[in-house]
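Contents: one structure, followed by commentary.
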Amino acid sequence: MRKCSYCGRKMSSDTQFCSDKCAELYRERTGKDQKAIKYFLAGLGMGIILLLAGVFAGEDVVIGSGIILMGVVIMVFPLITPETVNLLGYRKARIAGRILGMLTLLAGVWVAM
């Protein structure tokens, strides 16, 4: 049984979306995601640089700050894989991405302490 690619509802037909509204919302939101990729990558890059600087300096606070930055970036821009969308649907996959971002942020706080 297939699921709607946007809301995750089970469908009996072989279409990708359960309604025209879901298809429209999916196209709109994925278009916005495409524009956010550069900010996502820039934020992760800065987090990795902070993380490496902390490793070389031996400062747990800087390492934790890098992890916190990456967690914030993942929460703000929860870009998800097509496989996750197929499994959960777009909306639920974004929620799962935000939860993983929050867990990353909490891990950074734990490392920084």
Side-chain angles (χ1 to χ4, degrees):
M1 183 155 291
R2 290 192 51 118
K3 291 182 179 182
C4 175
S5 290
Y6 180 72
C7 67
R9 284 189 213 137
K10 292 183 180 179
M11 304 182 308
S12 58
S13 64
D14 286 338
T15 60
Q16 188 175 2
F17 303 101
C18 64
S19 68
D20 290 337
K21 183 177 180 177
C22 280
E24 181 182 329
L25 287 169
Y26 182 82
R27 281 190 216 75
E28 178 185 315
R29 304 260 165 90
T30 54
K32 288 180 182 178
D33 285 349
Q34 291 298 318
K35 295 175 185 173
I37 288 175
K38 57 187 168 193
Y39 303 115
F40 177 80
L41 292 175
L44 285 184
M46 287 189 293
I48 290 170
I49 289 169
L50 261 176
L51 184 82
L52 291 174
V55 168
F56 291 124
E59 294 291 328
D60 289 342
V61 173
V62 180
I63 294 171
S65 298
I67 298 171
I68 290 169
L69 177 61
M70 288 188 284
V72 169
V73 168
I74 294 169
M75 283 178 22
V76 173
F77 304 111
L79 302 180
I80 46 180
T81 64
E83 291 81 9
T84 310
V85 171
N86 289 337
L87 180 67
L88 301 173
Y90 182 82
R91 287 177 33 200
K92 291 178 184 174
R94 282 184 62 92
I95 291 169
R98 285 202 165 100
I99 290 170
L100 291 174
M102 187 172 294
L103 291 173
T104 304
L105 185 143
L106 292 174
V109 170
W110 180 69
V111 169
M113 294 178 102

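What you see below is based on every heavy atom in this structure, not just the backbone, and it leaves out hydrogens, waters and symmetry mates. Keep in mind that this is a model prediction, so the values were computed, not measured.
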Nearest 0.5 Å, please: how far is CD in Gln16 from OG in Ser5? 4.0 Å
On a heavy-atom basis, which atom in Pro78 and which in Gly97 lie closest, and how many Å separate them? CB-C, 4.1 Å
Given the rule that I, L, V, M, F, W and Y join up when any side-chain heavy atoms are under 4.5 Å apart, are Val76 and Ile99 in one cluster? no
In terms of hydrophobic clusters joined by side-chain contacts under 4.5 Å, are Ile67 and Val72 together? yes
Run the numbers on Arg94 and Arg98 for side-chain contact (heavy atoms from CB on, under 4.5 Å), then give the verdict. CA-CA 6 Å; Arg94 282 184 62 92; Arg98 285 202 165 100; 3.4 Å; yes
side-chain contact (heavy atoms from CB on, under 4.5 Å) between Phe77 and Leu41, worked out: CA-CA 10 Å; Phe77 304 111; Leu41 292 175; over 6 Å; no
Do the non-hydrogen side-chain atoms of Ile95 and Arg91 ever get within less than 4.5 Å of each other? no
Could you state whether Ile48 and Tyr39 fall into the same hydrophobic cluster, counting links through intermediate Ile, Leu, Val, Met, Phe, Trp or Tyr residues with side-chain heavy atoms under 4.5 angstrom apart? yes
Check whether Thr84 reaches the backbone of Ile80 with its side chain - one donor and one acceptor, N or O, closer than 3.5 Å. no
Between Ile49 and Leu44, is there a shared hydrophobic cluster once you connect ILVMFWY residues whose side-chain heavy atoms come closer than 4.5 Å? no
Enter the distance from Lys10:NZ to Lys3:NZ here, rounded to the nearest 0.5 Å. 6.0 Å
Taking atom CE of Met11 and atom CZ of Phe17, what is their separation to the nearest 0.5 Å? 8.5 Å
Could you walk me through whether Tyr6 and Arg29 pass side-chain contact (heavy atoms from CB on, under 4.5 Å), step by step? CA-CA 10 Å; Tyr6 180 72; Arg29 304 260 165 90; 2.5 Å; yes
Grouping I, L, V, M, F, W and Y whenever their side-chain heavy atoms are under 4.5 Å apart, do Phe56 and Val61 come out in a common cluster? no
Is the shortest side-chain heavy-atom distance between Ile74 and Phe40 below 4.5 Å? yes
side-chain contact (heavy atoms from CB on, under 4.5 Å) evaluation trace for Tyr90 with Thr30: CA-CA 9 Å; Tyr90 182 82; Thr30 54; 3.9 Å; yes
